[in-house]
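Both counts, for ligands and for their atoms, begin at 1 and track the order of listing. Only a predicted model underlies this, so the values are computations on that prediction, with no experimental measurement involved.
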Amino acid sequence: MAAPTLPRDPASRPSAAPTPETIRGLPRRLGLWSAVAVLIGSTIGSGIFRSPAGIADKLPGPLPMLAVWVTGGLFALCGALTLAEVAGARPETGGLYVFIRDGWGRLPAFLFGWSELVVIRAASLGAISTTFAEYLLRVTGHDPAQAPYSDWVHYIAAVAIVLTSVFNYRGARSGAVVQNVTTLAKYGGLLFIVLLALAMGLPRTGGSHFTPATPPGSFAVGAFGLALVSALWAFDGWADLSFVAGEVKEPRRNVPRALIIGTVAVIAIYLLANVAYLSVMSVEEIRHSRLVAADVAQRLIGPAGVAFVAVTVMLSTFGTLNGTLLTAPRIFFALAEDGLFFKPVARVHHRYESPYVAIMLTAALGVAFVMLRTFEQLADQFVTAIVPFYALAVASVFTLRKRADWSPPFRTPGYPVVPALFVLATLYLLGNAILDPSSRWATLATLGIVAAGIPVYYLTVGRPARRG
Ligand code: ARG
């Protein structure tokens, strides 16, 4: 039933406003460094400021904790190196969706759109806005872990989702500006925390938190896999650049370079940040510190430090929130254009020219999720739902390379080991999460929602009659 490829090339069709071609016809105006900024901007968000507690809880030792960040970074790099080949050769709007469609056919491509619509984007909006809300409460002198503020976290997060959605509903003209400003703020802010911690914290503690490197009970293969899921939330975003590859100048050269430069820059700052946290706080303290960056700053320079960090995190999360709503509609557009998705989802507002239906749907689900779940649950749910599609997109390189006309400007180094490692790591992550009783049901429920897209496909856009 699923055709292996679609004959027509959407990028080559003429443009007409204000259909999806408007988006595809956007001028290529992102240079190399803007593309790097898009990648860094969509990756650094909440995770590096929020995930260390959960990771320290699963792997309570300095070396295992740092190892999980290195592993998460290598996972992202293997993915980025492979997507660099695929995206370099097919720099089209739609990114992952295009690779999944061309590599594996219509059903998996539909499932990806379905999962983005019902789980992935909403969970991501939820996790990011939760972090935003927690840091906002902290800087205003409230402890987000205590009642009644623990409830307020959910309300504030919901309001943040609604506000960014309204902003995007009214047209995303200012989106790129917000993106650039917040990217600078987040990388700079993080770098500042790192320098401060290394200059002031390290002399005080003398590096005592780094020994013993692997205390008894701080490492187990299963726990490592679960912690890796949390780290992957922080590393996620490397694939987002592929969604806007159609807007990058000289894409065959710049897309692969930006993917590599951006991913390496993120890995570097994340490792430094974790070393910085550990040079101020012990593993046990990090384990109980939900807002680790604020706690580190509090110890080093007191309330002024907390205010600085909180503003950095709020800008950072706001930027990512905005980016999430900016890129998502492009996926739905690309799908609907190919007749693979519910047309109304790709409807464009006549006045604001924004994909308002997709925005409202994503926002409504995001609000529902954020009211019911915690940061860790949302971040893990996001990773569980998205990694199967990353694996499919990465593995598309295996089928695409068999094509006679395949001439990528960049070839994945270490092929086929690098993409194969990525796919194997995905299988380990999901298998491990299903085997572990603590994550089993949540994982199966999420994968179940993804799979529920199969009957939906056959009942709607996949109906054989539709093609006749
Ligand atoms: N890595 C980001 C964070 O730590 C989340 C990325 C969300 N996903 C995305 N594709 N933009 O908050």
I need the atoms of ligand 1 closer than 4.0 Å to a non-hydrogen atom of [X], numbered in the order shown.
{"X": "A234", "value": "1 (N), 4 (O)"}
{"X": "F382", "value": "8 (N)"}
{"X": "S42", "value": "6 (C), 11 (N)"}
{"X": "G47", "value": "3 (C), 4 (O), 12 (O)"}

Report yes if some N/O of [X] lies less than 3.5 Å from some N/O of ligand 1; otherwise report no.
{"X": "F235", "answer": "no"}
{"X": "Y270", "answer": "no"}
{"X": "D240", "answer": "yes"}
{"X": "R121", "answer": "no"}
{"X": "D236", "answer": "yes"}

Who are the salt bridge (charged side-chain N to carboxylate O under 4.0 Å, His left out) partners of R299, not counting sequence neighbours? E285
Go through the structure and list residues passing salt bridge (charged side-chain N to carboxylate O under 4.0 Å, His left out) with R253, not counting sequence neighbours. E250
Test your reading of the model: is there a side-chain donor-acceptor pair from [X] to the backbone of [Y], 3.5 Å cut-off?
{"X": "N432", "Y": "G222", "result": "yes"}
{"X": "K186", "Y": "G41", "result": "yes"}
{"X": "E85", "Y": "T412", "result": "yes"}
{"X": "S316", "Y": "T312", "result": "no"}

Salt bridge check, D380 against R373: does any charged N sit closer than 4.0 Å to a carboxylate O? no
